[in-house]
Q: 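Structure in structure tokens, see below.
Chain A is the first sequence line, chain B the second, and so forth, proteins listed ahead of strands; every chain is numbered from 1. The figures here come from the full heavy-atom set of this structure, side chains too, leaving out hydrogens, waters and symmetry mates. Given the structure is predicted, the values throughout are model-derived calculations rather than measurements.
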Protein chains: 4
Amino acid sequence: MSVKREQLLDAANILLAEKGYHGFSMKELAQTAEIAVGTTYLYFNDKKDLIQSLHQRNLHTLAESMFDGFDATSSIFEQYSCIWRNFWQYSLNHPEAILAKSQFDHLPSIVQLREELLAKELFKEVGIMLHVGVEKEIFKPLPIDVLATLSIETCANLARKHILGITRIEGKLLDDVILACWNSIAFKPESTK
Amino acid sequence: MSVKREQLLDAANILLAEKGYHGFSMKELAQTAEIAVGTTYLYFNDKKDLIQSLHQRNLHTLAESMFDGFDATSSIFEQYSCIWRNFWQYSLNHPEAILAKSQFDHLPSIVQLREELLAKELFKEVGIMLHVGVEKEIFKPLPIDVLATLSIETCANLARKHILGITRIEGKLLDDVILACWNSIAFKPESTK
Amino acid sequence: MSVKREQLLDAANILLAEKGYHGFSMKELAQTAEIAVGTTYLYFNDKKDLIQSLHQRNLHTLAESMFDGFDATSSIFEQYSCIWRNFWQYSLNHPEAILAKSQFDHLPSIVQLREELLAKELFKEVGIMLHVGVEKEIFKPLPIDVLATLSIETCANLARKHILGITRIEGKLLDDVILACWNSIAFKPESTK
Amino acid sequence: MSVKREQLLDAANILLAEKGYHGFSMKELAQTAEIAVGTTYLYFNDKKDLIQSLHQRNLHTLAESMFDGFDATSSIFEQYSCIWRNFWQYSLNHPEAILAKSQFDHLPSIVQLREELLAKELFKEVGIMLHVGVEKEIFKPLPIDVLATLSIETCANLARKHILGITRIEGKLLDDVILACWNSIAFKPESTK
DNA sequence: AATGAATGAGGTTTCATTCAT
DNA sequence: GATGAATGAAACCTCATTCAT
């Protein structure tokens, strides 16, 4: 992977988060990346291609982070907690990626579909964990997609608010929140102590 | 309120959902609304003003819908359930508003702040319900913002997936999902029966 | 003459001086004149027609002022001085007319030519005075146009500077300036005393 | 200095003379300069910047021409005559600059003021000559601004008429006119021979 | 006669992309 | 590979003019 390509993707991530897809120009991008405009087109076919590549890179980076220290032999709650915290940490480390997220919604739908499949592929293990949890009657018998939305997507929402400074989530509160997410999908949720 | 103004806001809602703020042109908007371009500027100062007005209208419409059939004397669960279902119904009736939601994130920050305050004002009663719930030890002692994110924002996420056809949520499943959201914030969550 | 028509011409004079022909809109004009936009078109065919009418009105007003207290039997110097002072006074009373002057230069040339002829007609008497002066060997034997430029146009230039506050011309200085203009065209100029 | 920039300024000079500031479009300008519209904005921030730059270039060019062959040791009359003729020649060589002159009057006033100062700076030597003339009792004791208006601005007026073909000024007539201008400010004007 | 909402052509400016260096 | 000047389509917005009331 060329270093210039990475510089461009980094810059794109920042600008995308700040201004949205149409909100920044290729010139702006090049300047932010400290690269000449023309050079951009050596690494990407066009703006769309660049954003798409960025999305894929973000997904890959996220997928890698999500399973940091993951232990498939530990309890389901520990697995769940590990993934949740990894996602949280990733969000704090890559605020641009979280803020830019909504921008990918407006890619042409064919591309979007391909991305969706890629995401499914990358996060297969999350799906497996949820699936196993359902089988063991630890999680409610809801569609996997729904379970994922209830627990993981909520993490993204909270992270967004935390990053923007709308609500500060730290220490004990973070533990509580994880438990809250767990409770939303747990078959036998635990009462607050 | 002028009928042309409404036509324009309706068209803007649709285009915003489809293409994002910078993604549609004023010409496109005018064509969708079946109005001349210049006419647009009789009702709005500029594109920014239009989007902002749209956001306010959406918030008002939503706020009205949210408290349809709301009974402050009923049980907290019934209150919660009522609001949740109203929000769900609103989302199905106004898919554009839900899909466009993330687009408002890129408004200039001063405007955004004003909107945020407006939202707080409009949804004050939701806050009150959550607050009362916390006092009565029905909800966990978490910040109101966090409680709202955990339960209501999740509704928006699910609605989005439902609208896009990613997951179909109906009948019994909807009841389950509401319970799941309730459980995420309930002090003594109920086990699945 | 309708009063509304006059209101419009007055407003046009001001706006023309401030912003130039293309620099103000018909809406602005109507607002300044405290009249509805549509009404403007009851009195003038279009913007060009309005400006042209304004120019004619200005020329007529000027022509009338120029010969205020004019005595064809007095000495040439007194005649000259009278016209010069009248022009000066007119300029102070109608600063817009002076400032707008250059704006008429960009009218379509056919119209412009008609204006030029009109001007010649209106100021025929000035021409006559200059002509008589040349015959009597009071003025230099130069083309009438040149004599007019040297003496009268200079008055407009000075008036413009005076109005804009670039140079203040009053009392004795005004007398001196008139003599200076006279000297530029006099056959036997007078030394300064 | 880029050649494209010069092309643009040349084109702007012509169009400004023909149509005034608001009277020509950037598209027209680009076409006249045989350059793409977008390219214009590589050399100037916007239309205002372009016009302002043009004005400065014109002032500099004029200032250079004005002192061609100027000899500070020659008699005041010769100095005066030299400057006058240089201005005249410049006007014939740059008709656009003369015709466009009045268009600069509608620049925003701050800019206008800066330009005024620049002009004062560039033509300082003219002021000095006039000042010396007054001290030596060759010119009348009038404000320098007034002396300049009386003699030099008249040159511009005559040049404008000559260029437009309203009056033809050549040979002996030109000498006469210069003497006329001199006489308007001379302490002891010379009679016509 | 008077109004002002509505129009759409045309204004200024931006931007993704190309290509000669 | 790397550059950035050049391009022209298309963006947002304004404006002279019309016409139903």
Q: Please give, in whole Å, the distance from E/dG8 C1' to B/Gln31 CD?
A: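 Going from CD in B/Gln31 over to C1' in E/dG8 covers 12 Å.
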Q: Report the distance from atom CZ of B/Arg5 to atom C1' of E/dA6, rounded to the nearest whole Å.
A: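 Interatomic distance, CZ of B/Arg5 to C1' of E/dA6: 17 Å.
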Q: Regarding C/Tyr43, tell me which of base, sugar-phosphate or nothing describes its non-hydrogen contacts under 4.0 Å with the strands shown.
A: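 It contacts sugar-phosphate atoms only.
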Q: Rounded off to whole Å, could you give me the CG-to-C1' distance for the B/Asp46 and F/dT14 pair?
A: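 For the pair B/Asp46 CG and F/dT14 C1', the rounded distance is 13 Å.
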Q: Which base, if any, makes a Watson-Crick or G-U wobble pair with E/dA1, both distances under 3.5 Å?
A: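 Across all strands, not a single nucleotide pairs with E/dA1.
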Q: Can you check the B/Leu50 CG to F/dC13 C1' distance for me, whole Å?
A: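 Rounding to the nearest Å, CG of B/Leu50 and C1' of F/dC13 are 13 Å apart.
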Q: Would you mind telling me which of F/dT17, E/dT7, F/dC13 lies closest to the side-chain atoms of B/Lys47?
A: F/dC13
Q: side-chain contact (heavy atoms from CB on, under 4.5 Å), that's the test. Do A/Thr32 and A/Leu29 meet it? Break it down for me.
A: CA-CA 5 Å; A/Thr32 306; A/Leu29 174 72; 5.7 Å; no
Q: Would you kindly give the NZ-to-C1' distance between A/Lys48 and E/dT17, to the nearest whole Å?
A: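 Interatomic distance, NZ of A/Lys48 to C1' of E/dT17: 14 Å.
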Q: Just compare F/dC12, E/dG11, E/dA1 and give me whichever is closest to any side-chain atom of D/Ser25.
A: E/dG11
Q: What pair of heavy atoms forms the shortest contact from B/Lys47 to B/Tyr21, and how long is it?
A: NZ-O, 2.9 Å
Q: Both D/Gly38 and A/Gly38 contact DNA chain E. Which one's nearest nucleotide lies toward the 5' end?
A: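 Upstream on the strand: D/Gly38.
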Q: With respect to the side chain of C/Ala36, which nucleotide from F/dA5, F/dA16, E/dT3 is positioned closest?
A: E/dT3
Q: Let's see if you can work this out: which of F/dT18, E/dT3, E/dA16 has an atom nearest to the side-chain heavy atoms of A/Tyr41?
A: E/dA16
Q: Return the value, rounded to whole Å, for the distance between atom NZ of C/Lys19 and atom P of F/dT14.
A: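 That distance rounds to 13 Å.
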Q: Of the options F/dA2, E/dA2, F/dA6, whose atoms approach the side-chain atoms of C/Leu42 most closely?
A: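 Of F/dA2, E/dA2, F/dA6, E/dA2 is nearest to the side chain of C/Leu42.
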Q: Step by step, would you call A/Asp10 with A/Arg57 a salt bridge (Lys or Arg N to Asp or Glu O under 4.0 Å)?
A: CA-CA 10 Å; A/Asp10 290 344; A/Arg57 193 187 70 162; 2.8 Å; yes
Q: Take the protein atom CG of D/Leu29 and the nucleotide atom P of E/dG11, then report the distance between them rounded to whole Å.
A: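 Going from CG in D/Leu29 over to P in E/dG11 covers 13 Å.
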Q: Identify the heavy atoms of D/Asn93 and D/Glu96 that sit nearest to each other, and give their distance.
A: O-OE2, 4.1 Å
Q: Scan every strand shown for a Watson-Crick or G-U wobble partner of E/dT21, both distances under 3.5 Å, and answer none if you come up empty.
A: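 Base-paired to F/dA2.
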Q: Do you know the tightest heavy-atom contact between D/Lys4 and D/Thr39?
A: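 Closest approach of D/Lys4 to D/Thr39: CD-CG2, 4.0 Å.
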Q: Judged by each residue's nearest nucleotide on DNA chain E, which is more toward the 5′ side, C/Thr40 or D/Val37?
A: C/Thr40
Q: Verify the contact: side-chain N or O of C/Thr39 to OP1 or OP2 of E/dT3, cut-off strictly under 4.0 Å; return yes or no.
A: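 It does, given that an N or O in the side chain of C/Thr39 lies less than 4.0 Å from OP1 or OP2 of E/dT3.
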Q: What is the distance from CE of A/Met26 to C1' of F/dA6, rounded to the nearest Å?
A: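 Atom-to-atom, A/Met26 to F/dA6, this comes out as 17 Å.
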Q: What is the nucleic acid contact for C/Phe24, judged by heavy atoms within less than 4.0 Å: base, sugar-phosphate only, or nothing?
A: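 Sugar-phosphate contact only - C/Phe24 comes under 4.0 Å of backbone atoms but never of a base.
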Q: Looking at A/Leu9, A/Ile51, A/Leu54, which hits side-chain contact (heavy atoms from CB on, under 4.5 Å) with A/Phe44?
A: A/Leu9
Q: Heavy-atom nearest nucleotide on DNA chain F for C/His22 versus B/Lys27: which residue maps closer to 5'?
A: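 Its nucleotide being nearer the 5' end, the pick is B/Lys27.
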Q: Has C/Lys4 got a side-chain N or O lying under 4.0 Å from the OP1 or OP2 atom of E/dA1?
A: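 No, because none of the side-chain N or O atoms of C/Lys4 sits under 4.0 Å from OP1 or OP2 of E/dA1.
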